[in-house]
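Single-structure report; data block below.
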Amino acid sequence: MTVPSAALQRLRLRTELRKARTAASLTQRQVAEKMEWSPSKLIRIEAGEVGISVNDLRPLLDAYGIKDRRKIDDLLSLARGSRRMPYSEYRDLYSKEFLQFLALESAASAIRHYGALLLPGPLQTEEYARAIMRSYDKNISEERLERGVELRIARQETLMSGDRELFYILDEGVVRRHVGGRGVMRAQLERLAELAARPGITIQILPFTVGAHAGIQGPFSHFEFEADEMPDSLYLENPRGDTYITNSPEETGRYLERFWELEDLAIKDDVETLLRSLAARLEDGRDDLELLIGDSVLSAQE
C-alpha cells in the first residue's frame, strides 16, 4: 500500500480537525483559550500552514470530545506523517501561499493548469526559468537564482514520476513570446514538444483566433486528489503576486467547467508537430512580428 505524501496527509488532517471543531460547536477562539494557545496557532494549523505535534494533538482531540481509539490513532498517524512538508527548505525564498500551492501540486492526482502569459514551472527549461526570474528581479543573486531553478527541477521530477494526470492549456502568446531570446525559446519549445508526446501529459494551445474567452481573466490551477475525502482545490494568482487558494465546491466546480470550455476551444491534435514547427520558424526568424511589420511597410511603399 502506497504511503500518502506528507502534503496529502496534512491536507487530510486539517480537514478532519476543522470538521471535529465544527462538530463540537466550538469557535477557533474558544479552542485557543481551552488549549492556552494564541488564536493564530490554531488558525495556521487549520489552514495547513504548519504541522501539529502529537503532544499538542492528543489534548486537542480530547477538547473536541473524540474518544474513538481508531479515530485518534488515524489522526495521530496523519500528524506524524505531515510534519515535514515538501519544499519546506525554500520557505526563505517564497511566500507561505506559494508553498501551500506547491504542497497541493505535489499531492494532486490530477492537475489542470491554464497559462495566460508564461509557462508553468514544471514545464520550464532551466534557461527559460532563469530568464523569468531575472525579469522579476534584475538584482537577483546567483544563489537565489540557482535555488529557484533547483526548485523547478524538483517539481518537474515529482510531477513527471508517478501516475498523476497533467493537463495544460497554454495561450498562444505563451509559446510565441521570446523569453530569454531565440535560442532559449527554441530549446523550450522543443522541450514542450517532447513533453506533449509523453503519456499522462496533455498540452493544448489556445490560438489567438478564438478571440475573447473565459481564460482572459487570468491563469489558474485546479487540483484533484485520490482520497475521496479530499475536496478539489483551486489556486489563483494575479500579476501583483496576490494569491487565492480555496476548496469551495462552488468555485472549484466553476473553474473546472471553465477549463473544459477552454479545452473545447484549444488546439489538441498533433500539438507535438505544431510546437516543433514553431521552434523551426523561430530559428529562422519567420515568426518575428517586427519583420512582418517591416515587410508590410515596404509593400505599402512600393
> Do T158 and P122 have side-chain heavy atoms sitting under 4.5 Å apart?
Replying inline: no
>> Using side-chain heavy atoms (C-beta onward) and a distance below 4.5 Å, is D92 in contact with R147?
In response: yes
>> If the threshold is 4.0 Å, N to carboxylate O, is there a salt bridge linking D137 and R144?
In response: no
>> Evaluate E150 against E89 for side chain to side chain contact (heavy atoms under 4.5 Å, CB included), listing each step before the verdict.
In response: CA-CA 11 Å; E150 177 184 85; E89 63 269 32; 5.8 Å; no
Verify the cluster assignment for [X] and [Y]: are they in a single hydrophobic cluster under the rule of side-chain heavy atoms below 4.5 Å apart?
X    : Y    : result
L236 : F167 : yes
V179 : L195 : yes
I45  : L104 : no
L78  : F225 : no
L192 : I111 : yes

[X]: what forms a side chain to side chain contact (heavy atoms under 4.5 Å, CB included) with it, not counting sequence neighbours?
X    : answer
V31  : R21, L26, M35, L42, L60, Y64
N247 : R14, R18, P231, S233
S88  : R84, R91

>> Once side chain to side chain donor-acceptor pair (under 3.5 Å) is applied, do any residues pair with T273, and if so which ones, sequence neighbours excluded?
In response: D270
>> Considering only residues two or more places apart or on different chains, which pairs with a residue in residues 95-112 satisfy salt bridge (charged side-chain N to carboxylate O under 4.0 Å, His left out)?
In response: E49-K96, E105-R155, R112-E224
> Tell me, which pairs form a salt bridge (charged side-chain N to carboxylate O under 4.0 Å, His left out) where one or both residues lie in residues 201-218, sequence neighbours left out?
Replying inline: none
Gap separating the [atom1] atom of [X] from the [atom2] atom of [Y], nearest 0.5 angstrom:
X    : Y    : atom1 : atom2 : result
R177 : D171 : CZ    : CG    : 8.0 Å
L151 : Q156 : CG    : CD    : 10.0 Å
D264 : F259 : CG    : CZ    : 11.0 Å
Y168 : I203 : OH    : CD1   : 8.0 Å
I201 : R164 : CD1   : CZ    : 11.0 Å

Which residues pass the salt bridge (Lys or Arg N to Asp or Glu O under 4.0 Å) test with [X], sequence neighbours left out?
X    : result
D62  : K67
R276 : E190, E272
E33  : R29
R70  : none

> Between the side chains of Y255 and T246, does any donor sit under 3.5 Å from an acceptor?
Replying inline: no
> Between P207 and A266, what is the shortest heavy-atom contact and its length?
Replying inline: CD-CA, 4.3 Å
> Run the side chain to side chain contact (heavy atoms under 4.5 Å, CB included) check on L61 and L17 step by step: do they pass?
Replying inline: CA-CA 8 Å; L61 298 180; L17 291 180; 4.0 Å; yes
> Do you know which of L170, V174, I169, L278 makes side chain to side chain contact (heavy atoms under 4.5 Å, CB included) with I205?
Replying inline: L170
> Between E126, H178, E127, which is the residue that forms a side chain to side chain contact (heavy atoms under 4.5 Å, CB included) with V184?
Replying inline: E127
>> Between L119 and I132, does the side chain to side chain contact (heavy atoms under 4.5 Å, CB included) criterion hold? Intermediate values first, please.
In response: CA-CA 10 Å; L119 286 169; I132 291 298; over 6 Å; no
> What pairs meet the ring-ring contact (aromatic ring centres under 6.0 Å, His included) rule with one or both residues in residues 99-155, with sequence neighbours excluded?
Replying inline: F98-F101, F101-F223, F101-Y235
> Would E146 and R130 satisfy side chain to side chain contact (heavy atoms under 4.5 Å, CB included), going step by step from the backbone distance to the final call?
Replying inline: CA-CA 8 Å; E146 292 310 310; R130 288 189 178 91; 2.9 Å; yes
> What pairs of residues pass the side chain to side chain donor-acceptor pair (under 3.5 Å) test when at least one of them lies in residues 195-208, not counting sequence neighbours?
Replying inline: none
